[in-house]
Amino acid sequence: MVTNTQSKSLWNLSILKYAIRDAFLKLAPWHQIRNPVMFTVYVGSILTTVLFVQAQFGKGEAPASFILAITLWLWATLLFANFAEAMAEGRGKAQAQALRKSRRDIQAKRLTKPDRNAKKNIVPSASLRFNDVVLVEAGDFIPSDGEVIEGIASVNESAITGESAPVIRESGGDRSAVTGGTQVLSDWLIVRITVNPGETFLDRMINLVEGAKRQKTPNELALTILLAALTIVFLIVCATLLPFSIYSAAATGMGKAVTITVLVALFVCLAPTTIGGLLSAIGIAGMDRMIQANVIALSGRAVEAAGDIDTLLLDKTGTITLGNRQATEFIPADGINIQRLADAAQLASLADETPEGRSIVVLAKEKYGLRGRDLAELGATFIPFTAQTRMSGVNLPDRQIRKGAVQAIESHIKSLSAELPVSVQKSVAQIAHRGGTPLVVIENANVLGVIHLKDIVKGGIHERFTALRQMGIRTIMVTGDNPLTAAAIAAEAGVDDFLANATPEDKLKLIRRLQAEGHLVAMTGDGTNDAPALAQADVAVAMNTGTQAAKEAGNLVDLDSNPTKLIEVVEIGKQLLMTRGALTTFSFANDIAKYFAILPAAFAATYPALNALNIMHLATPQSAILSAVIFNAVIIIFLVPLALRGVTYRRVSAAKLLRNNVVIYGLGGLLVPFLGIKIIDLILVGLHLA
Amino acid sequence: MTEIGFFQLLLYLLIILALVKPLGWYMAQVYQGAPCGVNQLFNPIERFIYWLCGIRADQEMSWKSYLVAALVFNLLGLLAVYAIQRLQFFLPFNPQQFSAVPHDLAFNTAVSFVTNTNWQAYAGENTLSYFTQMLALTVQNFLSAATGMSLLMALIRGITRHEAKHLGNFWVDTTRGTLYILLPLSLIFAILLTSQGVIQNIKPYQSVTLLQPVIAQQQPTITEQIIPMGPVASQIAIKQLGTNGGGFFNANSAHPFENPNPITNFLEMLALLLIPAALCYTFGLMVNDKRQGWAIFLAMFIMLVPLMSMTIIAEQVGNPAFTALHVDQTAQHNDYPGGNMEGKETRFGIVNSAIWASATTATSNGSVNAMHDSFTPIGGLMPLWLMHLGEVVFGGVGSGLYGMLMIVIITVFVAGLMVGRTPEYLGKKIEPYEMKMASIAVLVMPLFVLIFTGIATVTNMGTSALGNPGAHGFTEILYAFTSMTNNNGSAFAGLNANTPFYNILGGFAMLVGRYWIAIPTLALAGSLVQKKVIASSLGTLPTHTPLFIVLIIGVTVIIGALSFFPALALGPIVEHLMLWNQYGH
């Protein structure tokens with residue numbers, strides 16, 4: 001059932017060791033009672049154990065060896081179910097341990113006021129409270145969650161995200177949130193602490209992955225109710241077989257009433273132990289798959305809701321288009337040769353390692369045949385982009401070439417008492433109107449022209465949206481662009497709809513309107529201004545790089561801060577629900593075969609004619625009953641990988657999915673036990689065990 | 001199956017199919033208060049009833065008020081039926097001077113008619129006065145049926161309305177159902193029946209001289225026979241239409257005054273299925289998606305046809321024990337029906353008895369025109385199992401469809417998960433509360449059938465009433481409690497059910513079977529009505545496709561089979577195996 005590559009990750013040795021130990025520990029009654037289906041098996045196992053002891057003293061209702069075999073397999077059923085749950089928890093626990101390591105005792109530099117030169121007190125991080133202000137310098141660990149109020153620094157967040165590339169954190173804007181346990185690599189930050197001890201993101205994550213505060217989700221609860229109801233039916237079916245068989249035995253004068261051991265065996269086989277035993281493992285594994293995808297689900301409910309989503313709101317930038325725009329055109333100012341513009345633009349970008357810069361060099365080479373030149377040979381110095389100047393360029397002995405956004409260049413040449421020519425202003429307006437970004441190029445005080453940077457739709461995104469449409473999920477692109485541009489990109493990307501000129505309020509309104517129409521909406525966001533919309537959405541994925549407000553409003557946090565992750569989140573949600581449905585179907589379909597195994601065996605003495613129902617031709621009544629019980633226990637172990645991995649999800653319509661799953665798990669569930677029980681029976685007979 | 005048998009079955013099913021749409025449309029108009037002829041004509045009567053009873057027709061009810069109204073209404077009905085039986089000696093229209101019905105039997109009968117079961121532990125012609133038959137039983141035949149349909153309407157409104165609180169007005173629904181649907185249909189039907197010889201009078205029982213006296217050893221020679229009379233046609237019409245099934249006479253529709261000839265037999269068989277089948281179409285219209293109604297109809301239909309055919313085939317094949325005695329049971333030239341004729345009326349034969357037996361148990365009607373006890377084990381198994389499916393293969397008027405909708409909700413839940421969404425039905429999310437209610441509704445029936453059968457099989461009170469030993473006796477007990485808990489009311493016979501044990505336990509079974517399904521159904525409606533409608537998309541589980549129909553059937557059959565397979569194995573199945581093992585060669 002498991003392919004080799006996957007089995008390696010599933011059956012990790014240390015997790016296996018813990019899981020086996022935990023399988024026994026979980027036999028404690030207070031643990032068992034949380035799962036009504038398995039609790040009935042638990043009581044049944046205790047009952048047959050007592051019957052075995054009684055048989056040892058010679059007053060048994062059946063041969064002691066038979067009762068013992070049944071009893072052992074009943075306990076095995078419980079152990080296997082516990083093992084499945086422990087396996088699911090194991091991976092979370094391993095991750096929690098890694099996280100705990102990063103929650104080391106950090107000495108924090110508490111400031112008396114938010115000023116770098118203010119008086120510092122060195123205190124342990126655990127004593128930091130809400131609203132304290134701390135200074136974090138290069139090499140320091142950030143002591144707790146907070147918001148940057150001053151400074152800019154690069155931070156290594158690998159402890160949380162697993163991503164080793166450092167990220168920039170700065171005051172103001174959407175990159176102001178910092179997480180405790182991460183390390184400042186360069187510069188310094190003044191951070192206002194936003195949580196009290198024990199409530200940090202790290203603490204919450206540890207709790208979540210450990211499953212310490214795991215509650216049953218609504219759907220899990222509903223399924224538990226259904227399973228419990230059917231368990232009650234089976235309990236009564238088996239319990240009333242006792243009076244029925246007493247009557248039958250008396251009426252025919254043949255055989256004896258059916259034994260309690262056989263009734264318990266029949267009950268355990270009929271009760272939905274397969275799904276009952278794997279139910280919590282499926283839920284934990286679903287959360288775990290989110291964690292594997294580097295998404296932290298703040299509640300199990302959010303994972304389930306992700307499966308229900310029928311509308312995705314996607315930000316254009318970074319999700320649908322490459323975050324970086326690319327140069328597509330040079331538009332010279334009036335009276336300027338285009339070759340001169342291309343030459344200047346290339347020179348200004350040769351040392352610019354940003355994607356935009358590289359795309360300018362590529363364009364100059366492809367369209368104007370300009371080869372790369374060695375800046376050092378030309379005696380040039382590169383002037384990198386800074387937040388203050390918002391320009392970059394190159395200084396040659398007599399030329400100062402700059403490129404930058406319109407406003408930046410405008411204020412720069414104003415200081416040189418020059419102005420933007422009308423032709424350039426026109427080109428700028430035109431490019432902006434078409435949804436592109438204009439970059440103005442100047443040499444000294446002369447405006448040479450404009451570079452047209454264009455949004456590039458990500459490769460493969462069109463296919464992805466088509467697949468989503470087939471799954472019944474509508475995609476809506478949200479962008480601040482004007483409607484014209486938005487429409488062009490929407491058409492190119494193949495989204496179903498778009499919201500242009502979107503303000504955060506518009507976004508919120510759109511979500512409310514969609515929800516009123518009965519849609520379930522998912523979105524991603526990172527800014528503080530996204531928070532109201534995130535709070536309103538049914539599934540809200542906050543970027544880990546986002547602000548604290550955004551993270552609190554979301555119910556999922558994406559540690560990779562990858563907006564496309566939403567699609568995976570939806571699939572994980574669907575997979576979780578499908579796994580539950582598939583195993584429930586499988587579990588009930590199994591029962592038919594078990595009846596054919598156990599009923600003729602149980603009543604063989606009273607009604608020999610019932611042997612006609614023994615269509616599997618099982619060897620003896622005892623081997624038949626034992627085979628059914630063994631199959632019922634072993635199937636749990638066989639299905640553990642499926643429960644942990646989830647059933648395969650394909651992006652097709654609900655009708656197709658249903659057909660596939662009904663065939664595999666419904667029809668399969670009907671047939672597999674006939675085969676399985678027969679094989680076990682042959683083995684038992686072969687080994688002379690029954 | 002003989003050729004003529006096949007064509008009779010085909011004709012029967014085709015006529016049912018043809019009637020589903022017009023009647024279903026009509027009922028939808030009635031319950032939605034849309035004008036459609038009849039209700040305009042009788043509108044003054046409707047308003048007069050409201051005025052008389054002080055009903056505010058425009059005042060809608062929450063699920064709790066609706067439930068309380070239904071329960072109080074039924075409780076008053078129960079008390080009235082009990083009182084009339086106990087007091088019948090002092091009441092008019094009692095030409096035979098019948099005295100009061102014993103209290104346990106009166107309780108059982110009152111419960112039986114109020115719950116639309118019509119289990120009869122008495123023989124009508126020597127127990128009940130005309131007054132009791134007309135004013136207690138026939139009235140409840142109408143009202144219990146109308147109550148069932150009202151509950152269904154409340155559930156449908158729970159599904160169609162959203163972010164609301166109210167489910168309609170119980171009094172209005174019940175009045176309209178009675179006045180515009182049950183009364184006109186019964187009137188037409190009763191007239192048709194009397195035209196064919198079903199009697200309708202209040203004369204004293206007639207005494208006739210026998211042409212050939214019956215001479216018995218050591219007993220006086222019998223020269224005359226008492227022939228019971230009564231207002232039969234009016235009761236038969238509603239007993240068939242309202243899935244009641246309580247016969248005027250003990251022999252039910254095997255009696256020539258209830259069912260004189262093949263034409264009345266055919267009409268009565270049509271009436272068995274008519275309203276429950278048409279309600280599926282009503283449902284489709286009311287939820288604004290006819291496909292949903294047809295899907296449920298087809299699921300029921302597809303379950304009915306093979307089980308009905310199996311009953312016919314089993315009876316046609318006959319009893320191997322007779323074959324061993326050199327009785328020829330093969331049909332010849334269509335004028336000799338062959339098959340197992342034990343317990344069947346010769347004027348109906350194999351096919352019409354078998355169709356009736358399966359139709360009366362598929363719906364929760366319970367009237368009989370042959371003795372199911374005398375069917376072959378497989379022929380008896382089919383009606384029994386049709387009831388074990390929970391009376392959802394058409395089922396009782398109203399109750400069959402709402403019972404089926406509970407199964408649909410469970411189907412939607414499991415199937416919905418398999419498409420990766422938290423389940424929803426017709427735009428309403430199925431959450432823990434709905435699951436709890438649907439589970440109770442589905443759980444109650446097997447639970448009580450099995451427990452009560454279990455009690456009866458090991459107590460002397462239970463087994464002493466048996467007419468047959470062994471597996472067949474077991475089937476008799478199982479059938480009795482199955483019939484009562486499912487509010488079917490048909491008897492397998494062979495069991496002397498008029499004992500305090502069966503009367504009281506059975507009365508309880510009927511109450512549980514009716515209300516412990518009705519209450520969660522209304523609670524579920526009350527929860528659904530508050531929910532908002534989820535927009536449907538390609539990701540939504542379609543609930544009208546052939547695959548979904550197969551799933552509904554699968555869930556119904558698997559729940560029915562898993563709950564009752566062991567019991568059935570010890571009853572009809574083993575009886576069949578032993579019979580054929582002994583005589584089959």
Side-chain angles (χ1 to χ4, degrees), chain A residues 218-219 221-223 225-226 229 232-234 236-237 240-241 243-248 251-252 270 304 307-308 310 469-474 517-520 573-575 577-578 580-582 584-585 588 591-592 595 599 603 607 609-610 612-613 649 653-655 657-659 661-662 665-666, chain B residues 410 413-423 427 430-432 434-436 439-440 442-443 446-447 450-451 453-455 457-458 463 469-471 473-474 532-535 537-542 545 547-548 550-551 554 558-559 561-567 569-570 573-574 577-578 581:
Chain A
N219 178 262
L221 204 60
L223 182 55
I225 289 168
L226 177 67
I232 293 172
V233 172
F234 290 131
I236 296 299
V237 166
T240 51
L241 266 182
F244 295 174
S245 81
I246 291 172
Y247 169 90
S248 302
T252 56
L270 293 178
E304 260 171 25
D308 291 351
D310 65 356
R469 199 166 307 118
Q470 279 159 358
M471 287 156 60
I473 296 175
R474 222 157 62 99
E517 286 166 11
H519 294 286
L520 288 152
K574 285 194 178 292
Q575 217 184 11
L577 295 170
M578 276 168 50
R580 274 187 204 147
T584 305
T585 310
F588 284 108
D591 283 358
I592 303 287
Y595 267 140
L599 275 186
F603 294 98
Y607 286 124
L610 276 181
L613 299 179
Y649 177 69
S653 71
L657 264 184
L658 182 62
R659 200 177 52 218
N661 285 332
V662 166
Y665 299 100
Chain B
I410 288 179
F413 186 81
V414 177
L417 286 180
M418 279 199 287
V419 303
R421 295 251 298 222
T422 59
I430 308 300
E431 288 169 298
E434 285 73 38
M435 225 43 227
K436 210 181 285 175
S439 295
I440 292 173
V442 172
L443 173 89
L447 226 57
L450 290 171
I451 291 174
T453 307
I455 293 172
T457 47
V458 285
T463 50
F474 177 76
K532 49 181 210 176
V533 176
I534 308 291
S537 71
L538 268 179
T540 312
L541 170 79
T545 56
L547 179 61
F548 191 75
V550 170
L551 282 177
I558 286 195
I559 292 180
L562 292 183
S563 310
F564 291 105
F565 190 63
L570 297 179
I573 293 176
V574 76
L577 292 171
M578 293 198 301
N581 280 355

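Throughout, a chain's letter reflects where its sequence line sits, starting with A, and its residues are numbered from 1.
Closest approach of A:L577 and B:R421 over heavy atoms only: CD1-C, 3.4 Å. The two atoms that bring B:P432 and A:P218 nearest to each other are CG-O, 3.2 Å, heavy atoms only. Among all heavy-atom pairs drawn from B:L577 and A:A612, the shortest one is CD2-CB, 3.8 Å. Residues A:L599 and B:A569 approach most closely at CD1-CB, 4.2 Å, considering heavy atoms. Closest approach of A:A222 to B:E431, counting heavy atoms only: CB-C, 4.0 Å. Here the closest heavy-atom approach between residue A:V237 and residue B:S563 is recorded as CG2-O, 3.3 Å.
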- [ ] Go through the steps to decide whether A:T585 and B:M418 satisfy the test side chain to side chain contact (heavy atoms under 4.5 Å, CB included), and finish with yes or no.
- [x] CA-CA 9 Å; A:T585 310; B:M418 279 199 287; 3.4 Å; yes
Requested in this report: Determine, step by step, whether A:I232 and B:L443 satisfy the side chain to side chain contact (heavy atoms under 4.5 Å, CB included) criterion, reporting the C-alpha distance in whole Å, the side-chain angles of both residues, the deciding distance to 0.1 Å, and the verdict.
Outcome: CA-CA 8 Å; A:I232 293 172; B:L443 173 89; 4.1 Å; yes
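Between the side chains of A:N219 and B:T422, no donor N or O sits under 3.5 Å from an acceptor N or O.
Only the side chain of B:T463 has a heavy atom closer than 4.5 Å to any heavy atom of chain A. Only the backbone of B:V533 comes within less than 4.5 Å of a heavy atom of chain A; no side-chain atom from C-beta onward does. Only the side chain of B:V458 comes within less than 4.5 Å of a heavy atom of chain A; its backbone N, CA, C and O stay farther away. Only the side chain of B:I410 comes within less than 4.5 Å of a heavy atom in chain A; its backbone stays farther off. In this structure, the portion of B:P469 lying under 4.5 Å from any heavy atom of chain A is its backbone and not its side chain. Within the 4.5 angstrom heavy-atom criterion, only side-chain atoms of B:L551, from C-beta onward, approach chain A. Only the side chain of B:F413 comes within less than 4.5 Å of a heavy atom in chain A; its backbone stays farther off. Contacts between B:T545 and chain A at a heavy-atom distance below 4.5 Å are absent for every atom of the residue. For B:K436, the parts lying under 4.5 angstrom from a heavy atom of chain A are both the backbone and the side chain. Heavy-atom distances place the side chain of B:L547, and not its backbone, under 4.5 Å from chain A. With a threshold of 4.5 angstrom between heavy atoms, A:R469 approaches chain B through N, CA, C or O but not through any side-chain atom.
Atom-to-atom distance recorded for B:K532:NZ and A:E517:CD is 10.5 Å, nearest 0.5 angstrom. The structure places CG of A:L658 at 11.0 Å from CG of B:L417, a figure rounded to the nearest 0.5 Å. Between atom OG of residue B:S439 and atom CG of residue A:L226 there is a gap of 5.0 Å, rounded to the nearest 0.5 Å.
Residues B:L570 and A:L241 have side chains in contact (heavy-atom distance under 4.5 Å, counting atoms from C-beta outward). When side chains are defined from C-beta on, A:L613 counts as touching B:F565, because their heavy atoms get closer than 4.5 Å. The shortest distance between side-chain heavy atoms of A:F603 and B:V574 does not fall below 4.5 Å. Annotation: side chain of B:L562 is in contact with side chain of A:I592 (closest heavy-atom distance under 4.5 Å).
When B:G416, B:P542, B:A561, B:G427 are compared by the number of non-hydrogen pairs under 4.5 Å with chain A, B:P542 comes out ahead. In terms of non-hydrogen atom pairs under 4.5 Å with chain B, the most contact-rich of A:A655, A:S653, A:P243 is A:P243. Ranked by heavy-atom pairs under 4.5 Å with chain A, the list B:I440, B:I455, B:V442, B:I534 is led by B:I534. Between chain A and the options B:M578, B:E434, B:M435, heavy-atom pairs under 4.5 Å are most frequent for B:M435. Your options are A:L270, A:T584, A:I246, A:V233, and the one with the most heavy-atom pairs under 4.5 Å with chain B is A:V233. Ranked by heavy-atom pairs under 4.5 Å with chain B, the first of A:I473, A:T252, A:D310, A:I236 is A:I236.
Ring orientation note: the planes of B:F474 and A:F244 are nearly perpendicular, at an angle over 60° on the 30°/60° scale.
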